[in-house]
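Encoded as structure tokens, the structure appears first; notes follow it.
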Amino acid sequence: MWLLLVLLQAAVLPAQLCEAPKETAAAVKVLSARLLGLAADPARDPDPSVYLALRLAGDHDLRGEERYLRRLQDVFQHRYNRSLQTASWSQGHLQRDAEDSTGAEAELPETGRLALYLLGLRATCPPPDPSPQRLLVTWLKYYLEEDWAGSRHHGSPLTSYYQYSLGVLALCVHRKRVREEVIRRLLDAEHHGKLGHAGGSAVDTEAVLALAFTCLERERLVGEKLATRLRAARRAVRRRMVEAQGPDGFFGNIYSTPWAMQVFIASHMCRKEPAYGRAMAALLENLDAFTTAATMAQALPALHGRSYLDIGSMRCREEPDTLTAIGPKLLTETPGNMTVRLVVECPQPQCPQPQCPQHQCPQHQLYDRLVPAPAGTSLLDVLKVATAQEPHDFTFDTQETPQGPFLSTVLGMEAQHKKRHYWQLLTHPGTSLQMGVAEYRPHDGETLILRLSEW
């Protein structure tokens, strides 16, 4: 009995060593309870990353988690309903089902979202029926092929390296082999520094890639020669993270930091690497920055000392059913008004203005106005105020995503994913906000830049 107790303690020790200090446990639990409150809102679309954060927490609302899982299953079963009933295991049939399911417009592969859902199913207790999971695993393998355009050396994902790495990670956690060609694509991207995008941080993408590589090596799903390359790549990623840590303790920015922390947790380096402790302290000092379900879900696994690799070793046992949801915090109104400068930019035109194709930028700076708005409002609210200003020459549109509204069109110019364009949010002189339009709250006198960029 004594030996069994020692072994059980050893089994949970790594997670305990990596979690937030005990004196901050109450604050972390409150963040979990706030996420649970957001998850209970039926008006919000279910997000697999939210379910993962709830499952990796130390305290649970088991009935609440079960209800949320049912909502996720409803969404994904509806999405793949035709395939679950009629798809053949052959690639040809699967491709035809994909075309039927996604429509003639050939939507982008749902690589990242499906990967997160499969990770969530793996974290469920008791384990759900494995039959639908097998077909979804096949779908994910199909997406990893459909998500790639071009050759291994000169191609890139249609979605992003972040989503592509998530797909590999999910298959590995399910202990499914991945084609070496797929793995080599990621190795080449890491080696040649392709994981970032213009003006943005690559930390979160590098972190997911390092988790996938750690899993592949740990589960022995690759040969020794490839494992050596994976080991070298993830060590290089970890070294870059330490070197790039800012004086504020963050890896990249506050929102990419939890992903980087998962890398140290998964590699059992959280106590050996001082940078991890500084990052944990920085997160705990800034818990109020995590206000949306997506950002809370990103932070909580690291705060609990867990990584997505822990999903693969989860065992169904009695879990503490002690978490009570806290409703969304009402934002306190800040009295007074503010004025911000709103600038819209895009790349220099590649052709004379009269001959430019539709939607191509005719000039570098397209809009530059002062916008008065109530103090404390979000960037999204500022954009709405700008549309109402005379001479009514500012327009924009957003697309709803599980992470909140995504800026898709500005001044009639759409960020076309197939052309690898997106609207980047910056503050003067060129600092990427790394937050969504609904989360960021400008301050008086700030210059905000909407820039059509390429990743």
Side-chain angles (χ1 to χ4, degrees), residues 47-53 56 109-120 122-123 140 143-144 147-148 156-174 176 178 182-197 200-219 221-222 229-231 233-241 244 250-267 269-270 276 279 294-295 297-302 306-312 402-403 434 455:
D47 180 353
S49 65
V50 169
Y51 181 70
L52 280 169
L56 288 170
E110 295 184 338
T111 310
R113 188 163 165 78
L114 181 56
L116 288 169
Y117 178 60
L118 280 168
L119 287 170
R122 185 69 177 83
L140 184 53
Y143 279 154
L144 286 175
D147 198 357
W148 192 263
S156 59
L158 295 172
T159 55
S160 65
Y161 281 108
Y162 175 84
Q163 291 198 44
Y164 207 76
S165 300
L166 267 178
V168 174
L169 174 61
L171 290 176
C172 178
V173 169
H174 277 263
K176 304 299 181 183
V178 181
V182 171
I183 300 169
R184 293 182 191 279
R185 292 167 182 168
L186 292 178
L187 280 167
D188 286 345
E190 187 279 327
H191 181 71
H192 295 289
K194 297 180 179 179
L195 299 179
H197 52 72
S201 170
V203 172
D204 49 359
T205 301
E206 287 192 318
V208 179
L209 177 139
L211 289 173
F213 286 179
T214 303
C215 181
L216 290 168
E217 183 186 355
R218 185 174 298 174
E219 297 295 334
L221 294 175
V222 294
R229 289 191 63 191
L230 295 177
R231 191 158 47 248
R234 63 182 177 83
R235 285 175 178 170
V237 167
R238 199 167 62 228
R239 183 173 61 252
R240 285 196 296 270
M241 288 176 174
F250 297 133
F251 300 110
N253 59 70
I254 187 172
Y255 301 103
S256 59
T257 295
W259 271 120
M261 292 171 68
Q262 285 200 40
V263 175
F264 294 97
I265 295 168
S267 56
M269 295 290 292
C270 52
Y276 180 88
T295 56
Q298 200 159 323
L300 279 167
R306 302 279 183 172
S307 81
Y308 279 7
L309 265 64
D310 290 314
I311 297 168
Q403 289 74 38
Q434 302 296 331
W455 75 78

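All values derive from a computational prediction rather than experimental measurement.
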Would a 4.5 Å heavy-atom cut-off, applied to side chains only, mark Val237 and Leu195 as touching?
no
State which residues pass side chain to side chain donor-acceptor pair (under 3.5 Å) with Tyr51; sequence neighbours excluded, sorted by chain then number.
Thr124
Would a 4.5 Å heavy-atom cut-off, applied to side chains only, mark Tyr117 and Glu110 as touching?
no
Side chain to side chain, Trp259 and Thr205, heavy atoms closer than 4.5 Å
no
So does Ser307 get a backbone contact from the side chain of Gln262, meaning a donor-acceptor N/O pair under 3.5 Å?
no
Given Leu56 and Leu300, is the side chain to side chain contact (heavy atoms under 4.5 Å, CB included) satisfied, shown in steps?
CA-CA 8 Å; Leu56 288 170; Leu300 279 167; over 6 Å; no
Does Pro258 offer a backbone N or O that forms a donor-acceptor pair with the side chain of Gln298 under 3.5 Å?
no
Partner set under side chain to side chain donor-acceptor pair (under 3.5 Å) for Thr111, not counting sequence neighbours
Asp147
Checking Ser267 against Arg234 for the side chain to side chain contact (heavy atoms under 4.5 Å, CB included) test, could you report, in this order, the C-alpha distance in whole Å, the side-chain angles of both residues, the deciding distance, and whether it holds?
CA-CA 9 Å; Ser267 56; Arg234 63 182 177 83; 4.3 Å; yes
Check salt bridge (Lys or Arg N to Asp or Glu O under 4.0 Å) between Arg231 and all other residues, then give those that pass, not counting sequence neighbours.
Glu217, Glu224
Report yes if some heavy atom in the side chain of Cys215 is under 4.5 Å from a heavy atom in the side chain of Val173; otherwise report no.
yes
Spell out, as yes or no, whether a donor-acceptor pair under 3.5 Å connects the side chain of Arg218 to the backbone of Leu309.
no
For Leu116 and Ser49 the tightest heavy-atom approach is CD1-CB, 4.3 Å
Side-chain donor or acceptor of Arg238 paired with backbone N/O of Phe264 under 3.5 Å:
no
Should the ring pair Trp148 and Tyr161 be called parallel, tilted or perpendicular, given that the plane angle runs from 0 to 90° and is split at 30 and 60?
perpendicular
Mind checking side chain to side chain donor-acceptor pair (under 3.5 Å) for Glu190 and listing every partner two or more places apart, or none if nothing turns up?
Arg240
For Ser256 and Phe251, indicate whether the former's side chain and the latter's backbone hold a donor-acceptor pair under 3.5 Å.
yes
So, using side-chain contact (heavy atoms from CB on, under 4.5 Å) as the criterion, who are the partners of Ala212 when residues are at least two apart?
Val168, Leu169
Does Arg229 have any salt bridge (Lys or Arg N to Asp or Glu O under 4.0 Å) partners at least two apart in sequence or in another chain, and if so, which?
Asp188
With side-chain contact (heavy atoms from CB on, under 4.5 Å) as the test, pick out the partner of Leu209 among Leu186, Leu166, Val263.
Leu186
Step by step, would you call Leu144 with Leu171 a side chain to side chain contact (heavy atoms under 4.5 Å, CB included)?
CA-CA 11 Å; Leu144 286 175; Leu171 290 176; 3.6 Å; yes
Locate the shortest heavy-atom distance separating Tyr143 from Pro109; write the atom from each residue and the value.
CD2-CB, 3.6 Å
Would you indicate whether the side-chain heavy atoms of Tyr308 and Leu52 approach each other to under 4.5 Å?
yes
